[in-house]
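Report on one structure; see the data block that follows.
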Amino acid sequence: LVVAADGLIDGQVIELAGDVIPPARFLTDDKPYAVNLVVNALGISARINGSVADPVGLSGVDLGIKAQAANLDGLRPLLGQDVPDVGKTELATRLTFSPSKLRLSKLQAKLEESRIEGWVQLNPAASIPELEADLSFYDLNLDKLMPLDNNSADKKTADVKPVEKTADGRLLSDAPLPFDTLAQANVQARLRAINLVRNNQLLKQAEIKIDLNDSRLAVILLKHSSIKGEFDGEIVIDARGKKKPTVLVRLKVPHIELAELLLSSEGTAAVEGPMATDILLRGQGNSVAQILATLNGKVHLLLEEGSADAKALDLFVGGLSAMFGTIFTDQSSKTRINCAVCDLKFDNGLMTSELAVLDTQYSTVFLEGQVNLKSEQLDLKVSPEAKGVTLSVAFPVLVKGVFAKPNIDIEKTGAL
């Protein structure tokens, strides 16, 4: 049976051509039915070759699919303007389908210079949909593929909406988080990235494992190019049962290269140097506010023989270098960091600075005090000790009040 058809859908040309087994054989032949079709639609040209064992029951489907397009502009009338503005696109995969399994194997996709390889499998017949995947992403620029958000770098600061407060004036949101969505699917996935760009930041290499089963989500970090040596890193969200969901964050790393993590949009590193990390935090609740209010654990950070760049700090987080004006001089925007130690303890939402010291070539800065994440109260003291007379700021600074309206003042004794 030779098929040839063409038409329009919302002004978009649809063309179909090829040959399939005649319908009369559907009831008289138990051999797989050959399929050989060419489809041109929405600016995409696709060729489908293979066979279907049971066209009526849609089982025994085994099809090779190849598609290409000069761009994806033809999808915009159907999907809107969020379709990425990319050039030549190619897709090749093998589709196998039965009532209990849909699988895309030998998947190879190209979006200009970007590549995606691997396989995806879905079991739609399970009581809860089951998804498995193993995908690798190469030279993927998410800034180009994903639509710009309202806080993009191209928008002026005046256009950025202020942080919304709760009804009682607090900043930490008490809005319920969508933990119920964890019960809608079971997922087993392994994702790899080589040269991934997001927010103008380049991630050279990363690999994560996602395990979602019975409302328990575990995201495990398997590999990261900025981490040297063996490490343990994972985020676990357990929403099983009737208890409030539990969130666990664990990261124990002997060596993280900060230059790669804190790279500004201009390619300069805000902070350079190796940092050792030991983080273990656990909270419980249905919202950000509830989880932080019950936070327990520790944070240990150690940086030795590094450096900081004031200009890059401002590009990374606007105005951040002004908070650390004591570590720079008017003559230099860079400073050598001899050592930085940060030991924080979390006890039911109360964060206490047990030891926080930043020692640079120009000054030594001490941080002490507490932050109550439950009441959003600040009680901190930043004490710089200058190593020379070139510093414009060298007074102890008190940070008190609440998150929504902090009170920052110079300690009177230090000023004298």
Side-chain angles (χ1 to χ4, degrees), residues 151 156-175 262 270-271 281 283 285 287-299 301 308 310-330 333 335 337 340-360 362-387 390-416:
N151 294 330
K156 297 180 179 179
T157 304
D159 296 333
V160 179
K161 296 181 179 179
V163 178
E164 295 184 1
K165 302 177 184 178
T166 61
D168 57 0
R170 298 188 179 188
L171 289 184
L172 299 179
S173 174
D174 204 29
L262 304 179
V271 180
L281 298 172
S287 67
V288 173
Q290 291 179 17
I291 293 171
L292 294 181
T294 60
L295 207 59
N296 288 286
K298 62 180 181 178
V299 172
L301 307 175
K311 183 179 179 181
L313 279 171
D314 275 338
L315 290 171
F316 196 78
V317 180
L320 184 59
S321 67
M323 298 175 60
F324 298 98
T326 55
I327 71 174
F328 299 102
T329 68
D330 295 336
S333 68
T335 185
I337 299 177
V341 181
C342 182
D343 284 350
L344 304 177
K345 178 183 177 182
F346 293 81
D347 186 6
N348 200 29
L350 181 64
M351 185 195 80
T352 304
S353 173
E354 297 187 323
L355 176 63
V357 182
L358 174 62
D359 184 69
T360 76
Y362 300 120
S363 67
T364 302
V365 183
F366 297 87
L367 171 67
E368 55 185 324
Q370 296 179 332
V371 175
N372 193 322
L373 299 174
K374 187 179 299 184
S375 62
E376 299 192 7
Q377 292 284 334
L378 295 163
D379 186 10
L380 298 171
K381 180 180 178 181
V382 182
S383 304
E385 294 183 1
K387 294 183 178 180
T390 57
L391 296 173
S392 59
V393 179
F395 304 122
V397 176
L398 302 177
V399 183
K400 296 182 178 293
V402 296
F403 291 0
K405 193 176 181 180
N407 180 27
I408 303 175
D409 196 9
I410 294 176
E411 189 183 56
K412 302 301 188 292
T413 304
L416 289 174

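The structure displayed is predicted, hence computed values, not measured ones. As a basis for the values below, the full set of heavy atoms in this structure was taken, side chains included, without hydrogen atoms, waters or symmetry mates.
- Lys345 is linked by a salt bridge (Lys or Arg N to Asp or Glu O under 4.0 Å) to nothing, counting only residues two or more places apart in sequence or in another chain.
- Side chain of Thr360 to backbone of Thr335: no donor-acceptor contact under 3.5 angstrom is found.
- Residues meeting the side-chain hydrogen bond (donor to acceptor under 3.5 Å, both in side chains) test with Thr364, sequence neighbours left out: Asp359.
- Note that the NZ atom of Lys374 and the CZ atom of Arg170 stand 10.0 Å from one another [nearest 0.5 Å].
- Of the candidates Leu367, Asp379, Leu380, Leu380 is the only one forming a side-chain contact (heavy atoms from CB on, under 4.5 Å) with Val399.
- The nearest pair of heavy atoms linking Ser287 to Ala175 is CB-O, 3.3 Å.
- Here the straight-line distance linking atom CG of Leu292 with atom CE of Met351 works out to 11.5 Å at 0.5 Å rounding.
- Only one option out of Leu350, Thr294, Leu295 pairs with Leu373 in a side-chain contact (heavy atoms from CB on, under 4.5 Å); it is Leu295.
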*side-chain contact (heavy atoms from CB on, under 4.5 Å) between Leu344 and Val371, intermediate numbers included*: CA-CA 10 Å; Leu344 304 177; Val371 175; over 6 Å; no
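- Contact between Glu376 and Leu172 at its shortest, heavy atoms only, is OE2-N, 3.0 Å.
- For Asp347, the salt bridge (Lys or Arg N to Asp or Glu O under 4.0 Å) criterion is met by no residue, not counting sequence neighbours.
- Taking all atoms of both residues into account, the shortest heavy-atom contact from Pro406 to Ala404 is CD-C, 3.8 Å.
- Here the closest heavy-atom approach between residue Asn372 and residue Phe403 is recorded as O-CZ, 4.2 Å.
- Atom NZ of Lys298 sits about 15.5 Å away from atom OG1 of Thr352, to the nearest 0.5 Å.
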*asked:* Asn348 vs Asn296, test: side-chain contact (heavy atoms from CB on, under 4.5 Å). Steps then yes/no.
replied: CA-CA 5 Å; Asn348 200 29; Asn296 288 286; 4.3 Å; yes
